[in-house]
Participant: 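So that we are looking at the same thing, I have put the structure below in structure tokens.
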Amino acid sequence: MTSTSPAALAAATDTHCPYCSLQCGMRLSPGPDRAGAEGAEGAGLPVEVLERPDFPVNRGALCGKGRTAPALLARAARLTGPLLRDRPGGPLRSASWPEALDRVAAGLARTRAEHGADAVGVFGGGGLTNEKAYLLGKFARVVLGTANIDYNGRFCMSSAAAAHRRAFGLDRGLPFPLADIPHTGCLVLVGGNPAETMPPAVRYLRELRENGGSLIVVDPRRTRTAELADLHLQPRPGGDLALALGLLHLVIADGLVDRDFIDRRTTGFGPARESAMAHWPDRVERITGVPVHQLRRAARTFGEATTGMVLTARGPEQQSKGTDTVGAWINLCLATGNAGRPYAGYGCLTGQGNGQGGREHGQKADQLPGYRSIEDPAAREHVAAVWGVPAERIPGPGRSAYELLDGLGRPGGVRALLLAGSNPVVSAPDAGHVTERLRALDLLVVADLVLSETARLADVVLPVTQWAEEDGTTTNLEGRVILRRRAVDPPEGVRSELWLLRELAARLGVPEGFPAEAEQAFAELRRASAGGDADYAGISYRRIAAEDGVFWPCPSEDHPGTPRLFLDRFATPDGRARFAQVTHRPAAEEPDEAYPLYLTTGRVLAQYQSGAQTRRVAELNEAAPGPYVELHPRLAERLGVVDGEPLAVTSRRGRAVAPARITDAIRPDTVFMPFHWAGAGRANSLTNPALDPVSRMPEFKLCAVRVERAHLEVTT
Ligand code: SF4
């Protein structure tokens, strides 16, 4: 870790992409100019990306984000030394590691002494490796003694996770490998756009159709993915719950339920049936805007297929009723016998690179490693024994991500925050408010590889290693634990989060138990997860490399791993899947006279999440240089808007300005903004933090807005 330039190691290294949950396999080969890696992108970078066709998930294919990932290794894009601020509002200046760490440790200790342990908080990220997520959770509970740790994955997948657990007793994004998709008879994809978010996965959709299967896409926009579908249902934002209930109604009415499966493997069908029968086709058309003939076609196609799958993504999940919405789609699967057998079932397309593993090992407010509940006495005993502390020392559940951010600097809230791998100034709902709360902290410490918008607010910035500069595991959307390998030396002055947690722990009086080596941390994680739902006990770095990843649960070294869950029984106490008792309800905020349109937000092909990394890659920036407001030609005409003209979008929380992009791919009652940018075009200035009561997921996916021509809006 002491190289003066990010030189590549000698040989090619098999590893995985730093971005999304597909975790595509790639090979990093020493670049053409290994010595002079100072330059920007392309020539001069220490490694180049080669295909790795043998890795089964992406079979060599990569999207532009993965192909250009080495640009992030260029020093010009990076933080290369700690920064700190001497006084509030003063400039950030360079500092040595000892000075920065002393300052952080002293600040955390002071806050804890003056305001109690829960006044210190930790906010993690779904991009952190399993080892980092695990030790971050341990650091919060054992070193800081705080209950207040959560992470940005709460914004990403928590509703699907909650619904999964409620129905099946266990949450793994996909209970089957992606390679099963082409063998199902009908796939319903709800609120996901893999053609832009994870293009290599589209081959599975194409193969499904080549095999004679049907693809139904549910999305308020005619996305690139919807264009591949046999049938595109285009509901109003927030209509997904009613839509699923309406399809179940028709499946029941058409006699397409699998009575034998319902009797043998489920409970709770009676009330679910009753609720579905109250969602008759005309009513569902009124709620969703989807014509009855399309509802009938979708229900028949899914109900008559030999096997069927439903996959959800952020569309139905990021709602104040996200858990119930996903539950309604699971009900449709259960009623038709599409669960617990090959080529059938419900799954969630997780978003972030380690969205799956990041939620399993303890950086979530209510969970301990191995996907254990922090309120389960046996789980607390097990984890406490691995950590070498009494179980009583482990705090109880803390605040969920948005509630934690909303309480920053307030009485009873967190006053000193350690934040790793997240950029809430851009990615949190009601981001203007969250930015104010971050500013109200006594101490903000940000560990990141770039000077993100959130890092710019920090009192101390700690530059950390990334992706190709370190070893570590992640768990992809299939539950496949994979291994990222170090391929280059990090810049001098940059350290791993594992190292800095060890250093901070020592300064705070816990000199043992925080290994800086990833494989050592993983060995402890295996023991901590043993016997839990997400059991990694039998998974080793050696096995992962030899087997192209290992699917959890894998309780022992001679266990083959579990690519397909629930084939014999579901993970509930009685082994039966549970129907959810759900009914349609409106969103927390529906359009009205003052705010007459829906806003929905999402991602574009060339950017990733808050854009902190991809906005620093010239090729990606050229492809997607800034935000925009997508609107239907009829709405544009009504507003007198021409393409490219700046539009002001206003919600009850804030205002964003971005150029108009006119397209008939969107509903006339809805506008769309991508959320990758900060500044005037920040989509999350507008979004609604209303929370799902079960998952505590904010309602990112829809809120009420008004749209005006920006120059008129200024003068009226
Ligand atoms: S699809 Fe996802 S994992 Fe694959 S290359 Fe693109 S961003 Fe990386």
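Indexing begins at 1, ligand by ligand and atom by atom, following the structure's order. Below, each value reflects all heavy atoms present in this structure, side chains not excepted, and no hydrogens, waters or symmetry copies. In this chain, residues are counted from 1 in sequence order. Here the structure is a predicted model, which means the values were calculated and not measured.
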Participant: Heavy-atom contacts under 4.0 Å between Gln23 and ligand 1: side chain, backbone, both, or neither?
Facilitator: backbone
Participant: With a cut-off of under 6.0 Å to the ring centre and 45° to the axis, is Arg486 in cation-pi contact with Tyr541?
Facilitator: no
Participant: Atom 2 (Fe) of ligand 1: which protein heavy atom is closest, and how many Å away?
Facilitator: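 Nearest protein contact, heavy atoms only, for atom 2 (Fe) of ligand 1 is Cys20 SG, 2.3 Å.
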Participant: Counting only heavy atoms closer than 4.0 Å, does ligand 1 sit against the backbone of Pro200, its side chain, both, or neither?
Facilitator: side chain
Participant: May I ask you to check if Arg172 and Phe566 form a cation-pi contact, with NZ or CZ under 6.0 angstrom from the six-membered ring centre and within 45° of the axis?
Facilitator: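 Ring-cation test returns no.
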Participant: Describe, in one word, how the ring planes of Phe522 and Tyr536 are oriented to each other, choosing from parallel (under 30°), tilted (30 to 60°) and perpendicular (over 60°).
Facilitator: tilted
Participant: What residue and heavy atom of the protein are closest to atom 8 (Fe) of ligand 1, and at what distance?
Facilitator: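 Ranked first by proximity to atom 8 (Fe) of ligand 1 is Cys17 SG, 2.3 Å.
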Participant: Suppose we measure from atom 4 (Fe) of ligand 1 to each protein heavy atom; which comes out shortest, and what is that distance?
Facilitator: Cys24 SG, 2.3 Å
Participant: Heavy-atom contacts with Tyr19 under 4.0 Å: which atoms of ligand 1 show up? List them by number with element.
Facilitator: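 Heavy-atom distances to Tyr19 below 4.0 Å select 7 (S).
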Participant: When you measure from the centre of the six-membered ring of Phe672, is the NZ or CZ of Arg221 under 6.0 Å away and within 45° of the axis?
Facilitator: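 Here Arg221 passes the 6.0 Å and 45° test against Phe672.
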Participant: Would you mind checking which non-hydrogen protein atom is closest to atom 6 (Fe) of ligand 1, with the distance to 0.1 Å?
Facilitator: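 The closest heavy atom on the protein side is Cys63 SG, 2.3 Å.
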Participant: Picking from Leu449, Val494, Asp471, what satisfies side chain to side chain contact (heavy atoms under 4.5 Å, CB included) with Thr465?
Facilitator: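 Result: among Leu449, Val494, Asp471, Val494 is the only option passing the side chain to side chain contact (heavy atoms under 4.5 Å, CB included) with Thr465.
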Participant: Which ligand 1 atoms does Gly66 reach within 4.0 Å, using its non-hydrogen atoms?
Facilitator: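 That gives atoms 5 (S) of ligand 1.
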Participant: Using every non-hydrogen atom in the two residues, find where Ser695 and Arg154 come nearest and quote the distance to one decimal.
Facilitator: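 Heavy atoms of Ser695 and Arg154 come nearest at O-NH1, 3.1 Å.
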